[in-house]
Asker: 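Take a look at this one; I'll ask things after.
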Amino acid sequence: FAARFSSAHFVEFDDHLAAAVSNFWNEQGPHPPNGEGIPYTHLARNVWDLVANNATILQNYAANLPANCMLLIIGGSPCQQLTRAGRGEGKIGLCGADSSHFFIFPLICWILRKLRPDVTVHPVVENAGSMLQHHFAAIKRCLGFLNHPEGAPVIDSKSWCPFARKRYFISTLPSGKDRGDRKHTVTSRMKPWDPEWGTCMATGN
């Protein structure tokens with residue numbers, strides 16, 4: 001759908017990587033549909049910094065949001081204790097030291113909705129497609145969309161490349177069915193995909 005993007009912000013702990021990300025997006029130039037550049041700004045080094053000190057960063061951020069806009073909170077918490085491929089076969093789940101960082105998403109959404117009730121806030125959260133169903137249900141419950149059965153599609157990277165990697169994309173955004181859109185199919189990427197993959201496959205790395 002056509003939308004007017006006003007800005008984008010991100011959190012990154014590594015300062016060098018943060019600078020590289022900002023530079024990359026700033027060099028992209030105008031973006032459709034409005035033909036304007038989109039500022040891509042480093043907001044914080046740690047996601048928990050957003051809610052520290054009485055959520056000062058979030059308060060300042062919320063104050064500068066356009067009136068009646070839509071805000072997407074996009075990210076993926078560590079999957080170490082959620083994936084069945086990890087130690088413990090995903091049984092620890094959201095109680096794990098790494099995967100528990102998921103809880104920053106519903107917290108940020110809740111704070112922003114309180115600070116700016118005129119803003120429509122939607123989380124888009126990515127995580128392991130192999131997680132156990134009770135952890136999956138807990139994530140959906142925390143994000144507040146148990147009534148959105150199509151709000152968590154599984155997308156597999158084998159649609160683009162020779163490697164299977166299933167991931168949930170959990171969101172409160174209206175589904176294509178809700179909007180009356182046609183279902184879009186994914187086409188495979190042209191060989192050789194990313195150049196370095198061929199080297200890794202040849203060496204067995």
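Nothing fancy with the numbering, it's 1 onward along the sequence.
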Asker: Check the surroundings of atom NE2 in H134: do more than 12 heavy atoms from other residues, nucleotides or ligands lie under 6.0 Å from it?
Answerer: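 It does: H134 NE2 has more than 12 such atoms within range.
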Asker: Can you name the residues that form a side chain to side chain contact (heavy atoms under 4.5 Å, CB included) with S130, not counting sequence neighbours?
Answerer: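 Only T83, R84, A128 meet the side chain to side chain contact (heavy atoms under 4.5 Å, CB included) criterion with S130.
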Asker: Which pairs of donor and acceptor atoms, one on a side chain in residues 60-80, lie under 3.5 Å apart (sequence neighbours left out)?
Answerer:
{"unit_1": "N60", "atom_1": "ND2", "unit_2": "T56", "atom_2": "O", "d": "3.3"}
{"unit_1": "N64", "atom_1": "ND2", "unit_2": "N60", "atom_2": "O", "d": "2.9"}
{"unit_1": "S77", "atom_1": "OG", "unit_2": "N127", "atom_2": "ND2", "d": "3.1"}

Asker: Rounded to the nearest 0.5 Å, how far apart are SG of C142 and CZ of F102?
Answerer: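 Going from SG on C142 over to CZ on F102, the span is 5.0 Å.
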Asker: If the condition is salt bridge (charged side-chain N to carboxylate O under 4.0 Å, His left out), which residues does E126 pass it with, not counting sequence neighbours?
Answerer: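 Checked E126 against salt bridge (charged side-chain N to carboxylate O under 4.0 Å, His left out); matches are R167.
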Asker: Not counting sequence neighbours, which residues clear side chain to side chain contact (heavy atoms under 4.5 Å, CB included) with W48? List them please.
Answerer: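 Testing W48 for side chain to side chain contact (heavy atoms under 4.5 Å, CB included), a comparison that skips the adjacent residues, returns N46, V51, H101, I104, L107.
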Asker: For residues 85-99, pull every pair meeting salt bridge (charged side-chain N to carboxylate O under 4.0 Å, His left out), keeping only residues two or more places apart or in separate chains.
Answerer: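 The answer is none; no pair qualifies.
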Asker: Residues two or more places apart in sequence or in another chain: which of them pass side-chain hydrogen bond (donor to acceptor under 3.5 Å, both in side chains) with N54?
Answerer: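 Partners of N54 by the side-chain hydrogen bond (donor to acceptor under 3.5 Å, both in side chains) criterion come out as none, since no residue qualifies.
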Asker: Please find the pair of heavy atoms, one from I108 and one from L50, that lie closest to each other, and give the distance.
Answerer: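 Heavy-atom minimum between the residues: CD1-CD1, 3.5 Å.
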Asker: Does F103 have any ring pair (Phe, Tyr, Trp, His ring centres under 6.0 Å) partners at least two apart in sequence or in another chain, and if so, which?
Answerer: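 Expected list: none.
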Asker: Among residues at least two apart in sequence or on other chains, which ones pass ring pair (Phe, Tyr, Trp, His ring centres under 6.0 Å) with F136?
Answerer: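 Here the qualifying residues are Y168.
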Asker: Mind checking whether V119 and L112 have side chains closer than 4.5 Å, heavy atoms only?
Answerer: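 No, every pair of side-chain atoms sits at 4.5 Å or beyond.
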Asker: Can you tell me how far CG of L143 sits from CD1 of I170, rounded to the nearest 0.5 angstrom?
Answerer: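 Reported to 0.5 Å precision, the distance equals 6.5 Å.
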Asker: Tell me, which pairs form a salt bridge (charged side-chain N to carboxylate O under 4.0 Å, His left out) where one or both residues lie in residues 106-119, sequence neighbours left out?
Answerer: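 Every salt bridge (charged side-chain N to carboxylate O under 4.0 Å, His left out) pair that includes a residue of residues 106-119, provided the two are not neighbours, is R116-D118.
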Asker: What do you reckon, is CG of D14 surrounded by more than 12 foreign heavy atoms closer than 6.0 Å?
Answerer: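 Yes, enclosed.
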Asker: Taking only residues two or more places apart in sequence, or in another chain, which ones meet A8 in a side chain to side chain contact (heavy atoms under 4.5 Å, CB included)?
Answerer: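 For A8 the side chain to side chain contact (heavy atoms under 4.5 Å, CB included) partners, ignoring immediate neighbours, are I38, Y40.
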Asker: Counting distance only, does the side-chain N/O of H9 pair as donor-acceptor with the main-chain N or O of H42 below 3.5 Å?
Answerer: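 No, the answer is negative, given that no donor and acceptor are paired below the 3.5 Å cut-off.
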Asker: How far apart are the closest heavy atoms of G90 and L132, and which atoms are they?
Answerer: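 Looks like O-CD1, 3.6 Å.
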Asker: Quick one: does any side-chain atom of Q81 pair with a main-chain N or O of S99 as donor and acceptor, under 3.5 Å?
Answerer: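 A pair under 3.5 Å: yes.
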Asker: If the condition is side-chain hydrogen bond (donor to acceptor under 3.5 Å, both in side chains), which residues does H122 pass it with, not counting sequence neighbours?
Answerer: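 Result, side-chain hydrogen bond (donor to acceptor under 3.5 Å, both in side chains) vs H122: T172.
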Asker: Give a yes or no on whether the backbone of T41 and the side-chain of S22 come within a donor-acceptor separation of less than 3.5 Å.
Answerer: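 No.
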Asker: For F13, which residues count as a side chain to side chain contact (heavy atoms under 4.5 Å, CB included) partner, sequence neighbours excluded?
Answerer: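 With neighbours one apart ignored, the set is R45.
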Asker: How many angstroms lie between CD1 in I57 and CD1 in I111, if you round to the nearest 0.5 Å?
Answerer: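 It is 11.5 Å, given to the nearest 0.5 Å.
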Asker: Walk me through it: do L115 and Q59 pass the test side-chain contact (heavy atoms from CB on, under 4.5 Å)?
Answerer: CA-CA 7 Å; L115 292 173; Q59 289 191 56; 4.0 Å; yes
